[in-house]
Number of protein chains: 2
Amino acid sequence: MIRAERHERILSELARRGTVSAQALSAELGASVATIRRDISDLAGRKALIRTHGGASLPSHREELPFDAKLMTNLAEKRRIGAEAGARIEDGTFIACGGGTTVMQMLPSIRRKSLRLVTTAINVALELRETQSVEVTLTGGTLRRRTAETVGHIAERTLRDINIDVAIIGVDGIDALRGLTTFDPNEAYVNRVMLERAHEVWILADHSKFGEVLPAVIAPAITAARVFTDTGTSDAAAAPLQDLGIEVIRV
Amino acid sequence: MIRAERHERILSELARRGTVSAQALSAELGASVATIRRDISDLAGRKALIRTHGGASLPSHREELPFDAKLMTNLAEKRRIGAEAGARIEDGTFIACGGGTTVMQMLPSIRRKSLRLVTTAINVALELRETQSVEVTLTGGTLRRRTAETVGHIAERTLRDINIDVAIIGVDGIDALRGLTTFDPNEAYVNRVMLERAHEVWILADHSKFGEVLPAVIAPAITAARVFTDTGTSDAAAAPLQDLGIEVIRV
DNA sequence: ATTATTTTGAGCGAATTTGAGCGCCTTTTG
DNA sequence: CAAAAGGCGCTCAAATTCGCTCAAAATAAT
């Protein structure tokens with residue numbers, strides 16, 4: 001295992017558990033305690049975590065950090081989900097997407113494709129800025145601080161003027177009976193418009209999102225859609241969706 | 001296996017896993033470690049990945065913004081110009097701005113103000129993301145790679161629906177006879193709309209911009225406007241503008 | 001078919017990383 | 001409060017990886 005991978009897994013564990021011991025990491029990652037301690041020192045130098053006696057803990061002010069805790073949770077799963085969805089996109093497609101953490105993990109795969117993309121998220125725009133083969137359009141609108149996504153009537157109107165081939169959205173809750181949900185009503189509404197305007201809908205959701213029902217409703221029921229998730233999603237969780245005729249892709 | 005195919009597989013593995021070791025790739029692709037290392041070097045040269053000891057990791061494309069302060073010419077002047085313009089903005093104003101390097105230097109001084117701002121530039125949005133007191137709206141539109149600004153009919157339409165108090169734009173060329181100019185025609189046009197929609201126009205231009213005439217015309221003639229520049233701008237350069245009744249503020 | 005060019009794999013010294021050992025220090029526990 | 005336990009910083013040797021050269025192999029050109 002190379003250093004970068006250990007660093008990533010340390011941050012991922014940290015995001016999940018809040019604190020980690022060098023001992024435990026050593027056992028989990030199969031590296032000596034000395035190496036783990038060196039890694040922790042490296043990451044502490046980058047302010048990605050706080051070094052503590054015996055291990056490390058999450059930094060206090062998450063906002064200013066290079067590694068967002070939410071981005072690091074279930075990172076490996078999100079990568080696989082994103083890569084799988086990205087690999088299935090065909091050249092020439094017109095894509096719409098938001099800025100969820102799983103959607104972000106899709107971007108490395110679409111960088112080599114030739115397509116057009118409209119997004120509400122400045123993160124996505126930034127990440128694809130250098131990519132020659134992808135034409136990026138921003139919806140515009142009011143900027144939400146928490147997610148760096150744009151919402152409101154401007155975003156909505158932009159989307160209504162575009163014929164989208166595939167809408168790819170990450171959701172915070174997916175439930176066969178209660179539909180797709182998220183935290184912010186404004187974002188939910190923009191996502192809903194995206195779904196309405198799209199010929200095809202792909203949903204990215206890691207296993208932790210299944211059965212979750214959150215306040216803001218994107219879609220009250222799931223109809224035609226492809227759901228991408230990880231192998232951590234049980235058959236029992238996937239079955240209700242498949243009964244609705246929805247394709248569930250587990251990677 | 002041909003080289004292009006290996007490159008493709010390496011990038012695809014990287015998208016899936018986030019990091020890869022040369023060892024693992026060698027086994028998976030059936031090529032020697034030496035060849036894999038050469039491939040990684042090639043891809044690193046194209047900035048498609050980051051070479052690390054023992055393998056490679058995904059690149060982060062977010063830190064290569066054109067507004068890197070280190071690369072900026074006349075930085076000190078731009079800071080003074082931006083600070084002066086920012087200081088003159090009153091609370092409650094509705095501002096429009098682009099994303100020029102000088103405009104970026106204005107942002108620190110508007111952090112503490114309470115105002116609304118519409119911008120074409122994702123950098124501005126990103127910079128003000130954490131600022132509670134400033135409500136940020138993005139115009140949306142097609143993303144220009146070089147400047148990270150949005151242009152086109154979407155940006156234009158957003159601006160046409162807003163009554164702007166002050167439009168603050170950085171220009172690449174300012175000349176009393178030939179007007180305001182910049183490099184990109186698309187950006188020039190969006191800036192023109194911004195000027196039309198604004199009750200007041202403030203122009204930020206360091207001394208190097210005076211007398212410059214560039215291909216894309218923002219405004220063929222300068223009418224009512226305030227020009228902010230540095231003390232490096234000579235009286236001779238400022239006089240023609242002042243003769244037109246334009247206020248030139250040198251800081 | 002033969003020659004020229006490019007690509008690949010292996011070998012080797014240099015550089016980097018890793019893991020273990022050993023006093024010293026911090027935390028815990030009785 | 002003192003002793004024990006565990007963690008830290010440090011050094012050093014072993015293990016890996018790197019950069020480089022060179023010959024074999026594959027590919028392209030004549």
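Numbers restart at 1 for each chain; the letters A, B, ... are given by sequence-line order, proteins then strands. Everything numeric here is computed off the predicted structure, so don't read it as measured data.
Between the two ends of the helix from C:dA1-D:dT30 to C:dG30-D:dC1, each summarised by a five-pair axis, the helix axis turns through 40° (rounded to 10 degrees).
B:Ser32 pairs by the side chain to side chain donor-acceptor pair (under 3.5 Å) definition with B:Thr35, not counting sequence neighbours. The side chain to side chain contact (heavy atoms under 4.5 Å, CB included) check on A:Asn123 picks up A:Met104, A:Ala148, B:Arg62, B:Leu126, with sequence neighbours excluded. Under the rule for a side chain to side chain contact (heavy atoms under 4.5 Å, CB included), the partners of A:Ala96 that lie at least two apart in sequence or sit in another chain are A:Val118, A:Ile164, A:Met194. Residues that satisfy the side chain to side chain donor-acceptor pair (under 3.5 Å) test with B:Arg6, not counting sequence neighbours, are B:Asp39. For A:Thr93, the side chain to side chain contact (heavy atoms under 4.5 Å, CB included) criterion is met by A:Ile89, A:Glu90, A:Ile95, A:Asp165, A:Val166, not counting sequence neighbours. In terms of the salt bridge (Lys or Arg N to Asp or Glu O under 4.0 Å) criterion, residue partners of B:Arg3 (sequence neighbours excluded) are, by chain and number, B:Asp42. Remark: A:Thr73 pairs with A:Ala15, A:Lys78 by the side chain to side chain contact (heavy atoms under 4.5 Å, CB included) rule, at least two apart or across chains.
With a cutoff of under 4.0 Å to any heavy atom of chain B, the contacted region of DNA chain D is bounded 5' to 3' by D:dT17 to D:dG19.
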B/S/- contact track for nucleotides 14-29 of chain C, protein heavy atom under 4.0 Å: --SSBB------SS--
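Judged by distance alone, the side chains of A:Thr150 and A:Arg144 never bring a donor and an acceptor atom under 3.5 Å apart.
Rounded to an integer number of Å, the gap from B:Leu25 CG to C:dT8 C1' is 17 Å. In this entry the distance linking CG of B:Asp42 with C1' of C:dT6 reads 13 Å, nearest Å.
Residue-to-nucleotide proximity on DNA chain D shows that, of A:Ala22 and B:Thr52, the 5′-proximal contact is made by A:Ala22.
Under the salt bridge (Lys or Arg N to Asp or Glu O under 4.0 Å) criterion, the residue pairs touching residues 232-241 of chain A are A:Asp235-A:Arg250, with sequence neighbours excluded.
If you check every strand for non-hydrogen atoms under 4.0 Å, B:Ser26 touches nothing.
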Please list, one pair per line, the donor and acceptor atoms closer than 3.5 Å that link side chains of residues 16-25 of chain B to other protein atoms, with sequence neighbours excluded.
unit_1	atom_1	unit_2	atom_2	d
B:Arg17	NE	B:Glu13	OE1	2.8
B:Arg17	NH2	B:Glu13	OE1	3.3
B:Ser21	OG	B:Ala24	N	3.0

